[in-house]
Protein chains: 2
Amino acid sequence: MQDQPPAPRVSTLEDVALVAGVSRASVSRVVNGKPGVAEHIVDAVNAAIARTGYVPNRAARALVTRRSGTVLVVVSGTDTSRSGPWGPGEVLADPFFGRLAGGLMSSLAPRDVHPVLMLAVTDDDHARVVSYVREGSADGVLLVSAQAGDPLPQLLTDAALPVVLFSRPDHPLALSYVDVNNRAGGAMAARRLVERGCRSVGIITGPLDIPGAEDRLVGFREAMADHGVAFVPTAAGTFSVESGSAAMGELLDQGVDGVFASNDNMAVGAILAAQDRGLTVPDDVAVVGFDDSTSALMCRPALTTVRQPIETMAAEMAGLLLERLEDPDMRPRAAIFDPTLVERGSA
Amino acid sequence: MQDQPPAPRVSTLEDVALVAGVSRASVSRVVNGKPGVAEHIVDAVNAAIARTGYVPNRAARALVTRRSGTVLVVVSGTDTSRSGPWGPGEVLADPFFGRLAGGLMSSLAPRDVHPVLMLAVTDDDHARVVSYVREGSADGVLLVSAQAGDPLPQLLTDAALPVVLFSRPDHPLALSYVDVNNRAGGAMAARRLVERGCRSVGIITGPLDIPGAEDRLVGFREAMADHGVAFVPTAAGTFSVESGSAAMGELLDQGVDGVFASNDNMAVGAILAAQDRGLTVPDDVAVVGFDDSTSALMCRPALTTVRQPIETMAAEMAGLLLERLEDPDMRPRAAIFDPTLVERGSA
DNA sequence: GTCGACCCAGAGAGCGCTCTCTGGCTGCCG
DNA sequence: CGGCAGCCAGAGAGCGCTCTCTGGGTCGAC
């Protein structure tokens, strides 16, 4: 019987050390760019690395450094029970999430930190998130929570695990987060609609137990009040396209000629609903969205919308987490970003 | 000066063993559910685990088992240089990717395998992907390549690393992949348009150096030929909404009354372009898409489209990779799925 | 010329786990 | 009642790395 070919064992520090004729420690120093190594040793080691095709083993490194070099990106609170024909991927399919993930990746990648993705819906999932960090598989958590009353932020801070949130938690917690100035955004939408000459404006809100959705409503209302409008017709949505259409129906019945939808998905739904009734956007009814997601360009007229600088916010999220990992005593910090109005055709 | 509080060291196997009054080996056996452990020991260990709040350290386990329990999900060939206002996140924002990621996650999660996400554009990125697996950070690669001539599949097979592709590689390679029967899909679209009574149908293709795009064209053409139509007006797109609009313009100039767009994004673009010209869809011109992504519902009329069972395909991808990890000698396999026609309003 | 200070390479321990191997015990057969 | 097989717990090595600690060598100062 023929022998198995010798296992194609990848080379280790030891191998490199042997080839270079130096000690393991020296190779380690060179690999990690530590100072205080004589030049001829550095050269010898680099040559040996090239010859052996050495790649450091991350598990071994992680074992001793207690750093995995990865972070958990958790999307929490997706109620799969009401997920549509596209299944649990629906959250991920949300253009909003795409921008976020992109921003995260481009600020994580250069620092050689890798994101692992996790969806957290059930209590089991929540436990899994905590375990994953506790077992050292990830150094911290970047959490985007699409749900009110999400227990995860609390769970994570209780376990003293490093975490940064996208958007303000629904009750005060000692953790860092990034958010957009939602009230300012709501006010921008109001101003736009008023300046356009709309006489009767309404708002399609998101789920009001989500702080951001609430803030957009408040900002919008206050700005309308400043313009002398005391009452604003309101219809509640769930941030989905269909809910936007439904809410728009209600508002249209009340005779509005301008609508602020609290996100782009609902704005798209609103436009479709208006057009289904034979109305023209923006002449019969103007629509302003929120987010500036890719869906803003997928409808006619294209959406006028309050843009969140999501990529920048995502980068800041990553930055806050990485900073916290460097300095465990860092005090939690909130980073609030200003929205801008992107003018397209819908209002 | 006051002492630091003792480091809140998480408990290890050793600690559990001490508490349970057994050896490390026994604890390990219990934790991993190995058979042949006396019941009273199992109980003692479980009690000790509960008391100590023990969580196994993954790095240590990975070091000896040479299995990381994670896989790399690589999206390759995103040309960031031509990325739009939404930056590199644009790929991720593609609804198509959302469905894929969702499918992957839901079949990986129950097997306790975690996906880490990576974008690969430059040569550096490609090297990074290979390194990541070679350094043991991931056990294999799930690759979705949005680009023709992507070197990554070749690179990965050359390095004998486990990899599964989404969609057939552009030249034969010894690796497993999943794909949809693109020709059958193209034929479905053709049949639909013909049965609707369209007299002059055209096609908006994707980049033809991508095998799938080519196949959709071929299948479409052949089916049209079967119906006695020898010539099909063609306009090339890039799978983006805008390219769909542009291509639709060309086709409309040639007087088509039915169009097959090779993906949903372009179909949406096509509908918008038609409507911009004052045409009604589907009466003046019918449009069939491909994918059945979430964007199919974001336009009016909603898209009639050739649906890919992406979630199923993603699950199969994961399955093929996991199987390969179990059995290194597994022969590469292709899994081809049948598309279905989803009838909505646009054709 | 001698001693101390300093610098840098190597030796070696140990991170937390798995797994093989050893050895004690039980039980059954002769 | 002795011996052998079988079973199961424990001992211990070792996965590949980092990092402290040691010690040899060099140089400057007295």
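Below, chains carry the letters A, B, ... as their sequence lines are ordered, and counting in each starts from 1.
- Spacing between atom NE2 of B:His40 and atom C1' of D:dA9 amounts to 9 Å, rounded to whole angstrom units.
- Under 3.5 Å, the side chains of A:Thr12 and A:Glu14 contain no donor-acceptor pair of N or O atoms.
- If you check the side chains of B:Ser76 and B:Asp150, you find a donor sitting under 3.5 Å from an acceptor.
- On a pure distance criterion of 3.5 Å, no polar donor-acceptor pair joins the side chain of A:Arg66 and the base of C:dG16.
- The side chain of A:Ala38 lies closest to C:dA9, out of C:dG10, C:dG16, C:dA9.
- For the OP1/OP2 pair of D:dG10 and a distance below 4.0 Å, the side-chain nitrogens and oxygens of B:Ser26 include at least one atom meeting the criterion.
- For the pair B:Asn32 and C:dT18, the criterion of a side-chain N or O lying under 4.0 Å from OP1 or OP2 is met.
- In this structure, A:Ile41 atom CD1 and C:dG10 atom C1' are separated by 10 Å, rounded to whole Å.
- Side-chain contact, A:Ser176 with A:Arg333: no donor N or O sits under 3.5 Å from an acceptor N or O.
- In the set D:dG10, D:dC17, D:dT18, D:dG10 carries the atom at the smallest distance from any side-chain atom of B:Arg29.
- Classification of B:Arg134 and B:Asp158 as a salt-bridged pair fails, no side-chain N sitting under 4.0 Å from a carboxylate O.
- For A:Arg58 against D:dG16, no side-chain N or O and base N or O form a donor-acceptor pair under 3.5 Å.
- Across the protein-nucleic acid pair, A:Arg24 atom CZ and C:dG12 atom P stand 10 Å apart, rounded to whole Å.
- Distance CD (A:Glu14) to P (D:dG14): 12 Å, rounded to an integer number of Å.
- Along DNA chain D, the nucleotide nearest B:Ala25 and the nucleotide nearest B:Val64 are compared for position; the residue whose nucleotide lies closer to the 5' end is B:Ala25.
- One finds no side-chain N or O of A:Lys34 lying less than 4.0 angstrom from the OP1 or OP2 phosphate oxygen of C:dC8.
- Closest to the side chain of B:Thr12, from the set C:dA9, C:dT18, C:dC17, is C:dC17.
- Rounded to whole Å, atom C1' of C:dG16 lies 9 Å from atom CG of B:Leu63.
- Distance CG (B:Leu18) to P (D:dA9): 18 Å, rounded to an integer number of Å.
- Distances were taken from every side-chain heavy atom of B:Ala60 (C-beta onward) to each of C:dG12, C:dG10, C:dG16; the shortest belongs to C:dG16.
- Rounded to an integer number of Å, the gap from A:Arg134 CZ to C:dC17 P is 12 Å.
- B:Asn57 places its CG atom 14 Å from the C1' atom of D:dG16, with the value rounded to the nearest Å.
- Side-chain N/O atoms of B:Ser28 include one lying less than 4.0 angstrom from OP1 or OP2 on C:dT18.
- Distances from the side chain of A:Arg61 to the nucleotides D:dT20, C:dT18, D:dC17 place D:dC17 closest.
- Remark: B:Arg66 does not engage B:Glu135 in a salt bridge, criterion side-chain N to carboxylate O under 4.0 Å.
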